[in-house]
2 protein chains.
Amino acid sequence: MAEQVAPQEGPDGFSEAQLAYVEDLAATITASGVQRMPSRVYAAILVSEQGSMTAAQLAATLQVSPAAVSTAVRWLTQVGMVSRRSTPGSRREQYVVDSDSLIRLIAHDTSALNSWTSGFARGLEVVEPGSSAAHRLAELREFFTFLVEEMDGVMQRWQERKNQSSPSRSARKR
Amino acid sequence: MAEQVAPQEGPDGFSEAQLAYVEDLAATITASGVQRMPSRVYAAILVSEQGSMTAAQLAATLQVSPAAVSTAVRWLTQVGMVSRRSTPGSRREQYVVDSDSLIRLIAHDTSALNSWTSGFARGLEVVEPGSSAAHRLAELREFFTFLVEEMDGVMQRWQERKNQSSPSRSARKR
DNA sequence: CATCATCTTCACATTTTTGTGAATGTAATT
DNA sequence: AATTACATTCACAAAAATGTGAAGATGATG
């Protein structure tokens, strides 16, 4: 019940339902270890019609200070989840979330996997060779190496599937 | 240089190098979003010879209060990274990290992926159908669904590979 | 059955994180 | 060229997370 088909436009083109959803999605993202504010910013841009917003728009939509937005955006751009787009005719910089940001996110996770792998490898140098602990660490290292290798294949299959279902999509601009 | 072949035994059978490594690995784990203390506890048990430690041992090794250990262990058992093993003839409970804990860890990540998937699905109900935002959310949902599906295959291949290289390993006890 | 050893839980203090307001820098418009 | 509109950075305050000490619970042992 209560299906809001008419998009109740709010402050910056966000409906009530959309504002609520931004918080909802942000909570999910936060649960995965991302800080609250970056999560909210990411969610807001993702839901925005053009997939991009200015710092001022974000501050108004999320009801926070420009400073908080600035900090969050800096972090998001550093990890590659958001990119900047300087609009020529205006001072306003657009912060962009495109679909490829998810690929970057997974790539980022892969680098995390690599950290674990080398972490386990270092462990093998401080435990008794042949010991139970050595076996444990070796298996973990092997598994994480395996995971990284598998990720390549997974991403490759995704690209194939994407090109297959809509080959011209990659030509989309704006 | 400085190869310490002789394992300098410390308080609880941990050498200097091993104690340092525990902190090192814990830092890596912490970087992935896990709190500091659970990370340290997990790392310590992992490096321990039997793959299990008591609360008292952990407190002594990590130089923290039993209370902190208790809290950390509770969290670790909840997410499935550590399991309890009550030794019959003793009050002391052993906290165990076996190799399977990594599988649980990945399984846990899969459930996180599912959260994202359903999160994106909810988003589709609050944006204009056919809009740019709708396409973005739909693609993200599709990708995460794809990832979850792929994970099944990945884990299956890992099991095969494990059974293939050392089929009798699973019979290991103690 | 009482005592001892071991683990857990709770209230609190400390540290760390997080967001704000003011000041500063930078580019477009008049 | 000056003004205006944005965005960023810094110091600080509010909020949250984290670990400790003491009290409580639970089970083995003399």
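- Side-chain atoms of A:Arg136 come within 3.5 Å of backbone atoms of B:Glu49 as a donor-acceptor pair (strictly under, hydrogens ignored).
- Atom CD of A:Gln94 and atom CD of A:Gln57 lie 6.5 Å apart (nearest 0.5 Å).
- When heavy atoms are screened at a 4.0 angstrom cut-off, A:Thr54 is found touching the sugar-phosphate backbone but no base atom.
- When the P atom of D:dT8 is taken as reference, atom CG of A:Leu76 falls 12 Å away, rounded to whole Å.
- The shortest distance between the side-chain N/O atoms of B:Arg74 and the OP1/OP2 oxygens of C:dC7 is not below 4.0 Å.
- Atom CG in B:Leu62 sits about 10 Å away from atom P in D:dT20, given to the nearest Å.
- Atoms CD (B:Gln63) and C1' (D:dG21) sit 17 Å apart, rounded to a whole Å.
- The backbone N or O of B:Gly153 lies less than 3.5 Å from a partner atom in the side chain of B:Arg157, making a donor-acceptor pair.
- When rounded to the nearest whole Å, the span between CH2 of A:Trp75 and P of D:dT9 equals 17 Å.
- Under the salt bridge (charged side-chain N to carboxylate O under 4.0 Å, His left out) criterion, A:Arg40 pairs with A:Glu23, sequence neighbours left out.
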Short heteroatom pairs, N/O only, protein and nucleotides 13-18 of chain D, under 3.5 Å:
none

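- OP1 or OP2 of C:dT8 has at least one side-chain nitrogen or oxygen of B:Arg84 nearer than 4.0 Å.
- Nearest-nucleotide positions on DNA chain C place B:Ala55 closer to the 5' end than the other of B:Ala55 and A:Ala68.
- Atom CD of A:Gln57 is separated from atom C1' of D:dC6 by 12 Å (rounded to the nearest Å).
- For B:Ser70, taking side-chain heavy atoms from C-beta onward, the closest of the listed nucleotides C:dT9, D:dT8, D:dT20 is C:dT9.
- At least one donor-acceptor pair closer than 3.5 Å links the side chain of B:Ser48 to the backbone N or O of B:Ile45.
- Panel note: side chain A:Arg84, backbone A:Thr77; no donor-acceptor pair is recorded below 3.5 Å.
- Contact annotation: B:Tyr95 side-chain N/O to C:dT6 OP1/OP2 distance is not under 4.0 Å.
- Ion pairing between B:Lys162 and A:Glu142 fails under the 4.0 Å rule for side-chain N and carboxylate O.
- Side-chain proximity of B:Ala67 to the nucleotides C:dC10, D:dA7, D:dT8 is greatest for C:dC10.
- Rounded to whole angstrom, the span from the CD atom of B:Glu93 across to the C1' atom of D:dA28 amounts to 14 Å.
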